[in-house]
Amino acid sequence: MKSLAELEQLRNKTLARVNLRKEDDSNIRVVVGMATCGIAAGARPVMKALMDEIEKRNISNCFVTQTGCIGVCRLEPIVEVYIPGSEKITYVKMDAEKAVKIVNETIVNGKVINEYTIGAAENN
Amino acid sequence: MELARGHVLVCGGTGCTSSGSAKIIEEFENCLKDKGLENEIKVVQTGCFGLCALGPIVIVYPEGAFYSMVKPEDVSEIVEEHLLKGRIVKRLLYQETVVDEDNVKSLNEVDFYKKQQRIALVNCGVINPESIDEYIAFGGYTALGKVLTEMKPQEVIDEIKESGLRGRGGGGFPTGLKWQFTANSQGDKKYVACNADEGDPGAFMDRSILEGDPHSLIEAMAIAAYAVGADQGYVYIRAEYPIAVNRLRIAIDQAKEYGLLGENIFESGFNFDLDIRLGAGAFVCGEETALMTSIEGHRGEPRPRPPFPAVKGLFGKPTLLNNVETYANITAIINNGAEWFKQIGTEKSKGTKVFAVGGKIKNTGLVEIPMGTTLREIVYEIGGGIPNGKKFKAAQTGGPSGGCIPADLIDTPIDYDSLISIGSMMGSGGLIVMDEDTCMVDIAKFFLEFTVDESCGKCAPCRIGTKRLLEILEKITSGKGTLEDIDKLEELCYSIKNAALCGLGQTAPNPILSTLRYFRDEYIAHVVDKKCPAGVCKALLSYVIDPDKCKGCSLCAKKCPVGAIEGVVKNPFTIDTNKCIKCGVCMESCKFGAISKK
């Protein structure tokens, strides 16, 4: 160990992998619907894509988790993003490609991708 | 380490390991593989969560679901329901965390954890103790980095002094002052050492820190070495703690690999190396001079002080010796500052203390509370009260060196000085709760048996004196004692206290003195009335059958192992007290409550 900076670097590298254990409300929570309906509609590759992208970009303030059936099975796979201090965003009819976009736009930049939201889907 | 969406934390402390947590980890790994989840969910073996009574414990993050008393056959259900489908298995949750059908409250809001504040145990049950990366991710080694790159040794000592930290091994000596003495001593070579010999029956916080967060000890010892000018450290740990020894070994190897032990750490020119020395588990080796004699390779016997270790310690060189829990507070003080630490606790006892709570209490386990918390809060709020609706009688703190706190002092705030003032002591933090069925003379006898066994035999007051104390206690509990014996017992206690060479002998009479102080009437009942009020001392008991309640079913006579019960069916039976061995089987077997002990 040569310097504090080196230690900090090491710390940041691992932080993303353990922060889901910290009871910290400032983290972004990404919830994937993984009931039978969700899995059948392809929730698993969506979740995989979310995690791969988060890992690739080494995002440390966010974790991915899963939930049961949300109730709108026809719109699965569904991904909900909880950003502390703002309203929940519900993305529907997800696929792996869209999932990557969510990470880049919503999680990193805090921007809502309107066309993927449940509001947009219901208006069609 | 891969990014995982869920972490399954399984307690790998000694308590949960002995109730089968290793098997649970194996089951988790197998079930996850079956479901193809092995790359998404990570199984982590951690240190002790504290709630040992409910082990084996499994916590699943990010939900923070706290599963208790998990059996290997429950694992597939947790994997299938919780990890695959995201539905928490309510049935297996620690029921205190369940609010209603849909809501689960955070662990920190549960009675057991609510009043606790974790400083020494902060990482226990949170990180994988065998991963230096996780320790670093949770802020590890930043204190060492800060000390080596930004602080002078004297500044470090001043910070510790200012914090008011006192030795957690039991003595309560101000830690900063000890560091100062060692730093001031002249010597071409100095040592730092850690007392991990934890000998008090019932105390296991040092073991849990080593098992759950070994790097915190390594980091703190390196900081101490820098502050006092040492370059070599020893951890003296009993061989009876195999899990702790193993994890500490792994941690030391990792720290060496990362250059956090060794030469020129953080390019500061500071060198520090750390070695483990195994003890054979003798109680006296927890005494500092005996401990150092043992590290040197000699028979573990104490020697008179002064000279104190700070002047002439290991191999005749100035040595700093602290206990594991004391070291476990150091990094928090450096990271957060002495001012922060000072705000926790009471005027003369700062910070927190870890207690191993055992005996007649619902939530046995490990708790860390701010100094000044009352015994009532520990017993009734954190501990969940006494099982089976029994009454609280007393609590023993400080193990064989301490004393008891009776029920009428249950509101005493717990800190070093208030415990001394009521005739007990903090000790290393064993806290044994006793209910109304406990005989206080018997308890004193139990602790004396321990000290007689563990006396090293070097000085006569301890070797001969404790044996005589035990003989008098045996005389009293067997119904042959006299009032004179009680006076003799007390007198001998004071002689031993004054004359014994080391802490073991000087404190050995404490359990007798404190039970005499608060429960003298029980001693008197034993010698005058020849009765044991709690119904424990066998020689003073007799089992009797109430002829009005006895239906003459003959069950007790059939169960009696020595054939002491006779009678004719459908008529009241009788017990022949000459034959009776007072095993109590008859009382347990009677369906009509006709048998009682007097």
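In what follows, every chain begins at residue 1, and chains take the letters A, B, ... in the order their sequences are listed.
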* Asked: Out of B:I59, B:L83, B:N128, B:I265, which one racks up the most heavy-atom pairs below 4.5 Å with chain A?
  -> B:L83
* Structure fact -> Given A:K48, A:E6, A:E8, A:K2, the one with more heavy-atom pairs under 4.5 angstrom with chain B than any other is A:K2
* Asked: Does the B:R247 side chain pair with the main chain of B:E211, one donor and one acceptor, at a distance under 3.5 Å?
  -> yes
* Under the ring pair (Phe, Tyr, Trp, His ring centres under 6.0 Å) test, residues paired with B:F28 that sit two or more places apart -> none
* Asked: Which bit of B:L37 comes within less than 4.5 Å of chain A, counting heavy atoms only: side chain, backbone, both or neither?
  -> side chain
* Asked: With a distance cut-off below 6.0 Å to the six-membered ring centre and an angular limit of 45° from the axis, does A:R29 pair with A:Y82 as a cation-pi contact?
  -> yes
* To do: Please state whether the side chain, the backbone, both or neither of B:F138 comes within less than 4.5 Å of a heavy atom of chain A.
  => both
* Taking atom types as modelled and ignoring hydrogens, do the side chains of B:Y258 and B:D133 form a donor-acceptor contact shorter than 3.5 angstrom? -> yes
* To do: Taking heavy atoms only and a threshold strictly under 4.5 Å, list by residue number the residues of residues 32-45 of chain A that touch chain B; give 'none' if the list is empty.
  => A:M34, A:R44
* Asked: What part of B:S268 gets closer than 4.5 Å to chain A, counting heavy atoms only: side chain, backbone, both or neither?
  -> neither
* Scan side-chain atoms only and decide if B:Y135 and B:Q254 contain a donor-acceptor pair under the 3.5 Å cut-off. => no
* To do: Determine whether B:V8 and B:V44 make a side-chain contact, defined as any pair of heavy atoms from C-beta on separated by less than 4.5 Å.
  => no
* So, B:T352 and B:E368: side-chain donor and acceptor under 3.5 Å apart, yes or no? -> yes
* Above 12 or not: heavy atoms from other molecules or residues under 6.0 Å from NZ of A:K98? -> yes
* Structure fact -> One option among B:R87, B:E63, B:E40, B:E150 has the most heavy-atom pairs under 4.5 Å with chain A, and it is B:E40
* To do: Name the region of B:L84, side chain, backbone, both or neither, that has any atom closer than 4.5 Å to a heavy atom of chain A.
  => both
* Structure fact -> With chain B, the option among A:L10, A:N12, A:T67 that has the most non-hydrogen atom pairs under 4.5 Å is A:L10
* To do: Please determine, by modelled atom types, if A:N104 and A:R57 share a side-chain donor-acceptor pair under 3.5 angstrom.
  => yes
* Leading residue by heavy atom contact count with chain B [cutoff under 4.5 Å; candidates A:M47, A:K13, A:Q66] -> A:Q66
* **Note, B:H215 side chain near B:Y141 side chain (heavy atom, < 4.5 Å)** => yes
